[in-house]
Amino acid sequence: MKAPATLTPEPPVVLAEKTPAVLAEKAPVVEFSNVRLDPLGALGRPDLTFTSTGSRLVFLGNWSAFFAILLGRAELTSGAIRLHGLPISEALASGRVAVISPKAPLPGSMKVHTLFVESTRLAGFSHSLADSRATQVLTELNLAALGFRRIDSLSELERRAMWVAHALLTWPELVLVEDLFCGVADYEKEYLWGLARAALAGRKWGVWVQGDDPASVDGAVLRESDEVLAIEQGRLLQGAAARAQANPTPTTFRVVVGQNAPQFFAELGAMGLSAHPMNSAPQLGPEGSLVGTAGRGIVELPGAEARRQLFATSVTLSAPILELVPITHGPAYFEPTP
């Protein structure tokens, strides 16, 4: 794993925490009850209700409105959100739930250690404990070199590493992660995931990923998760862990077709199958002519007949299936289709 010269290249140690046992161990990571978020934040549909069942969640799709609320960039207009058994505002204010996001604003002239101390004091800790905690977190994640640097002198990778450490200051039991891997090189993504894994060890977590390529860091996150929550246009398409408990055989799949995607998903729906297209893009021929529309979506295939209909529709509509991946839960996400 390659890391910048200013960051220690050795793998970070797993932190030995004295996490307060205040919240019930079985409290759901996330609960939505009749939630309507600002439509500009991309969810915008009323009555979004679900309760997560896993302890290591992956958020797949557009969860920008949810994270905007977590970071105070937007307000919840109706309904209620609970995090680890607590109302969202109480969970965040108490420090029991923390958020890692490269989008959070930063005071550029402040030194990293000073920011950590002030953040810990704002959570209700004494100055002496805040100071020692800031030093402890930076040291144990091999980031001590960043402590006395100004924030505006940090590279993008260093700022993201700083946010990973910052999330641990109040001994949180749950950490939610937004866009940690976006916009950096592949080797930097690998470094950040290694750092995050050390920080998240022994905690509940939820990570928003932008893709599901098995060979990518997003794929590595998916493999370590135990629940996948996929959302599209405000609809929860997949709350996978609960379904996996009832039926260990995968029944929900991500499917990618090479062309004629709109017709393909429309025909599956007309057959009575649950099919949710997620996005599509024009497919051009060798001379730039339009030959079809590629796309991906989530489909329910409860049995052999449903799978037969899927493949028959692919042949009939000339919509070649490029990928068919089960998404019942994290470890089984990349297992072969039975």
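In what follows, every heavy atom counts, from backbone to side chain, and hydrogens, waters and symmetry copies are set aside. If you're wondering where the values come from, they're calculated on a predicted model, not measured in any experiment.
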Are Leu138 and Met110 in one and the same hydrophobic cluster, where Ile, Leu, Val, Met, Phe, Trp and Tyr link if side-chain heavy atoms are under 4.5 Å apart?
yes
Any donor and acceptor pair, going by atom type alone, linking the side chain of Arg203 with main-chain N or O of Ala199 inside 3.5 Å?
yes
Suppose clustering is done on Ile, Leu, Val, Met, Phe, Trp and Tyr with side-chain heavy atoms closer than 4.5 Å. Which residues sit in the same group as Val256?
Leu322
State, to 0.1 Å, how close Phe265 and Pro277 come at their nearest heavy-atom pair, and which atoms those are.
CD1-CB, 3.9 Å
Is a side-chain donor or acceptor of Lys204 paired with a backbone partner of Ala27 at a separation under 3.5 angstrom?
yes
Less than 4.5 Å apart, side chain to side chain, heavy atoms only: is that true for Val175 and Val99?
no
Just by modelled atom types, is the Phe264 backbone N or O under 3.5 Å from a matching donor or acceptor in the Glu267 side chain?
no
Over all atoms of both residues, closest heavy-atom pair of Ser55 and Val29
CA-CG2, 4.0 Å
I'd like to know whether Arg159 forms a salt bridge (charged side-chain N to carboxylate O under 4.0 Å, His left out) with Glu188, so could you lay out the CA-CA distance, the side-chain angles of the two residues, the decisive distance to 0.1 Å, and finally the verdict.
CA-CA 12 Å; Arg159 281 195 293 271; Glu188 293 174 325; over 6 Å; no
Pairwise side-chain contact, Thr135 with Phe116, heavy-atom cut-off 4.5 Å (strictly under):
no
With a 4.5 Å cut-off on side-chain heavy atoms, are Val207 and Val209 touching?
yes
Is it true that Val117 and Ile151 fall in one hydrophobic cluster, defined by side-chain heavy atoms closer than 4.5 Å?
no
Any chance you could lay out the side-chain contact (heavy atoms from CB on, under 4.5 Å) test for Leu154 and Met162, step after step, and finish with the verdict?
CA-CA 9 Å; Leu154 303 179; Met162 182 203 71; 4.0 Å; yes
Closer than 3.5 angstrom, by distance alone: can the side chain of Glu227 be matched with the main-chain N or O of Thr53 as a donor-acceptor pair?
yes
SB check Glu224 Arg56 (cutoff 4.0 Å):
no
Would you say Asn62 and Ser64 are linked by a side-chain donor-acceptor pair, where the criterion is simply a distance under 3.5 Å?
yes
Report the distance from atom CD1 of Ile81 to atom CD1 of Ile69, rounding to the nearest 0.5 Å.
4.5 Å
Would you mind writing out the side-chain donor-acceptor pairs for residues 311-319 within the sub-3.5 Å range, not counting sequence neighbours?
{"residue": "Thr313", "atom": "OG1", "partner": "Gln309", "partner atom": "O", "Å": "2.8"}
{"residue": "Ser314", "atom": "OG", "partner": "Ala319", "partner atom": "O", "Å": "2.6"}
{"residue": "Thr316", "atom": "OG1", "partner": "Ala312", "partner atom": "O", "Å": "2.9"}

Taking every heavy atom of Ser119 against every heavy atom of Leu169, the minimum-distance pair comes out as CB-CD1, 4.2 Å
When rounded to the nearest 0.5 Å, the distance separating CH2 of Trp205 from CZ of Arg197 is 9.5 Å
So how far is it from Leu115 CG to Leu106 CG, rounded to the nearest 0.5 Å?
7.0 Å
Trp171 six-ring centre to Arg133 NZ/CZ under 6.0 Å and within 45° of normal:
yes
Is the shortest heavy-atom distance from the side chain of Ser52 to the side chain of Glu31 under 4.5 Å?
no
Check whether Ser132 reaches the backbone of Leu129 with its side chain - one donor and one acceptor, N or O, closer than 3.5 Å.
yes
Between Ala275 and Gly269, what is the shortest heavy-atom contact and its length?
CB-N, 4.5 Å
Any side-chain heavy atom of Arg82 within less than 4.5 Å of one from Pro87?
yes
Any non-hydrogen side-chain atom of Val164 less than 4.5 Å from a side-chain atom of Leu200?
no
When you compare the side chain of Arg160 with that of Val184, does any pair of heavy atoms fall below 4.5 Å?
yes
For a quick test of reading the model, state the closest non-hydrogen atom pair linking Ala196 to Leu180 and the distance between them.
CB-CD2, 4.1 Å
Roughly how far, to the nearest 0.5 Å, is the SG atom of Cys182 from the CD atom of Gln210?
4.0 Å
Close side-chain approach of Phe148 to Thr114, heavy-atom, < 4.5 Å:
no
Can you confirm whether the side chains of Glu300 and Ser274 place a donor and an acceptor under 3.5 Å from each other?
no
For the aromatic rings, using the six-membered ring if either is Trp, is the centroid distance between Trp208 and Phe181 under 6.0 Å?
no
Just by distance, do the side chain of Ser225 and the backbone of Leu57 share a donor-acceptor pair under 3.5 Å?
no
Can you tell me how far CD of Glu323 sits from CZ of Arg296, rounded to the nearest 0.5 angstrom?
9.5 Å
Pairwise distance CD(Gln136) to CG(Leu168) - rounded to 0.5 angstrom:
9.5 Å
Which atom pair, heavy atoms only, marks the closest approach of Leu83 to Leu70?
CD1-CD2, 3.7 Å
I'd like to know if the side chain of Thr49 reaches the main chain of Ser33, judged simply by a donor and an acceptor atom lying under 3.5 Å from each other, with no hydrogens or angles considered.
no
